[in-house]
Amino acid sequence: MLKENEIKVGDTHTAVLVEDLKRTQIVQYAGASGDYNPLHTDEIFTTQVAGYPSVFAHGMLSMGLTGTMLTDYVGDGALKKYGVRFTNQVWPGDTLTGKATIIEIREEDGSKVVDLMIETTNQNDIAVITGTATATIET
Amino acid sequence: MAIDKFLVEASHIMMFARSVGDANPIYHDEDYAKKTDLGGIIAPPTFAQSSAQFDPDYFLRPKIGGEGWFGSGKEASGAKPSKDSGGSGGGAAMGLHAEQHFEYHKPVKAGDILTATTKPGNSWEKESKRAGKLKFSESVTEYRNQDGELVITATGVGVQTERAVDS
């Protein structure tokens with residue numbers, strides 16, 4: 001868990017979430033999450049019927065990968081809120097970098113929390129996820 | 001959408017954590033997890049999305065024995081997707097997933113038995129140069145544990161686009 005006396009507004013944490021995203025990882029996510037939408041795993045359907053250039057990752061895979069960065073930073077069981085917008089699609093071959101920035105340290109329901117701004121970008125520096133999170137911290 | 005029994009199991013958590021690139025032992029190592037303050041294996045923050053596995057009517061899973069599946073087989077598409085969404089967490093079942101928000105009230109642990117109930121939220125429309133008319137709709141899912149305690153509130157926003165979006 002983050003410690004109040006070791007953090008300040010403006011602090012950032014970044015991590016590479018995935019390099020050269022493989023179709024197989026998207027298949028792994030489909031199997032684990034139960035979302036078998038062929039748009040994510042079925043190249044033939046996705047290109048020939050749905051009209052996309054290739055399969056693409058579940059938004060929730062990007063949110064999950066970003067969540068890994070987030071919990072590595074704030075600690076296990078510390079998250080109170082985590083919300084995102086999916087701003088661009090994530091394609092096989094993408095390399096994603098996640099970043100959390102401390103925007104506020106405050107009190108909520110009698111405990112100290114930190115508000116974070118979240119952004120995950122691809123190899124072209126385009127945001128694929130933007131969002132916010134709130135986590136409990138140690139005083 | 002309602003889920004009567006979402007069994008939170010350690011092996012499912014392990015597979016889910018692997019799929020999101022998370023090697024944290026709190027998600028797969030019982031011996032390690034027992035020694036932490038949490039006292040056991042917990043679910044990663046987006047794990048609730050996999051409640052779809054426990055929704056008998058989930059639209060984005062091929063049904064056993066019958067009803068066509070719209071993905072490719074011999075042909076590029078097996079069938080037209082059903083208009084009936086009824087998906088979990090308000091995700092891809094409503095088209096593309098635009099937003100997802102989680103509020104965590106209590107940690108979800110391996111061994112928990114959750115129920116989930118989903119209610120529709122707001123809906124609105126927007127024009128987009130890239131994808132034509134966008135129809136947004138929100139759904140709010142409440143997850144409760146075996147003691148009836150609210151553990152997670154999940155709000156999903158789905159969007160139906162007029163055209164495919166290839167960014």
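Below, chains carry the letters A, B, ... as their sequence lines are ordered, and counting in each starts from 1.
With B:Lys135 contributing its side chain and B:Lys133 its backbone, the two residues share no donor-acceptor pair below 3.5 Å. At distances below 3.5 Å, at least one donor-acceptor pair connects side-chain atoms of B:His97 with backbone N or O atoms of B:Glu99.
Applying the salt bridge (Lys or Arg N to Asp or Glu O under 4.0 Å) definition to pairs two or more places apart or across chains, those involving residues 43-71 of chain A are A:Arg23-A:Glu43.
Ring geometry for B:Phe136 versus B:Trp124: interplanar angle under 30°, hence parallel rather than tilted (30 to 60°).
The 12-atom threshold is exceeded at CZ of B:Arg61, counting heavy atoms of other residues, nucleotides or ligands nearer than 6.0 Å.
Taking chain A as the reference chain and counting heavy-atom pairs below 4.5 Å, the highest number among B:Ser50, B:Pro107, B:Ser72 is found for B:Ser72. Counting heavy-atom pairs closer than 4.5 Å to chain B, the top-ranked of the candidates A:His58, A:Gln25, A:Lys80 is A:Lys80.
Within residues 110-136 of chain A, no residue has any heavy atom less than 4.5 Å from a heavy atom of chain B.
Listed by chain and number, the residues in a side-chain contact (heavy atoms from CB on, under 4.5 Å) with A:Val27 are A:Thr41 (sequence neighbours excluded).
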Enumerate, atom names and distances included, each donor-acceptor pair closer than 3.5 Å involving a side-chain atom of residues 16-28 of chain B, sequence neighbours excluded.
from: B:Ser19; atom 1: OG; to: B:Phe16; atom 2: O; distance (Å): 2.8
from: B:Asp22; atom 1: OD1; to: B:Asn24; atom 2: N; distance (Å): 3.1
from: B:Asp22; atom 1: OD2; to: A:Thr68; atom 2: OG1; distance (Å): 3.3
from: B:Asn24; atom 1: OD1; to: B:Ile26; atom 2: N; distance (Å): 3.0
from: B:Asn24; atom 1: ND2; to: A:Asp76; atom 2: OD1; distance (Å): 2.8

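Heavy-atom distances place both the backbone and the side chain of A:Val84 under 4.5 Å from chain B.
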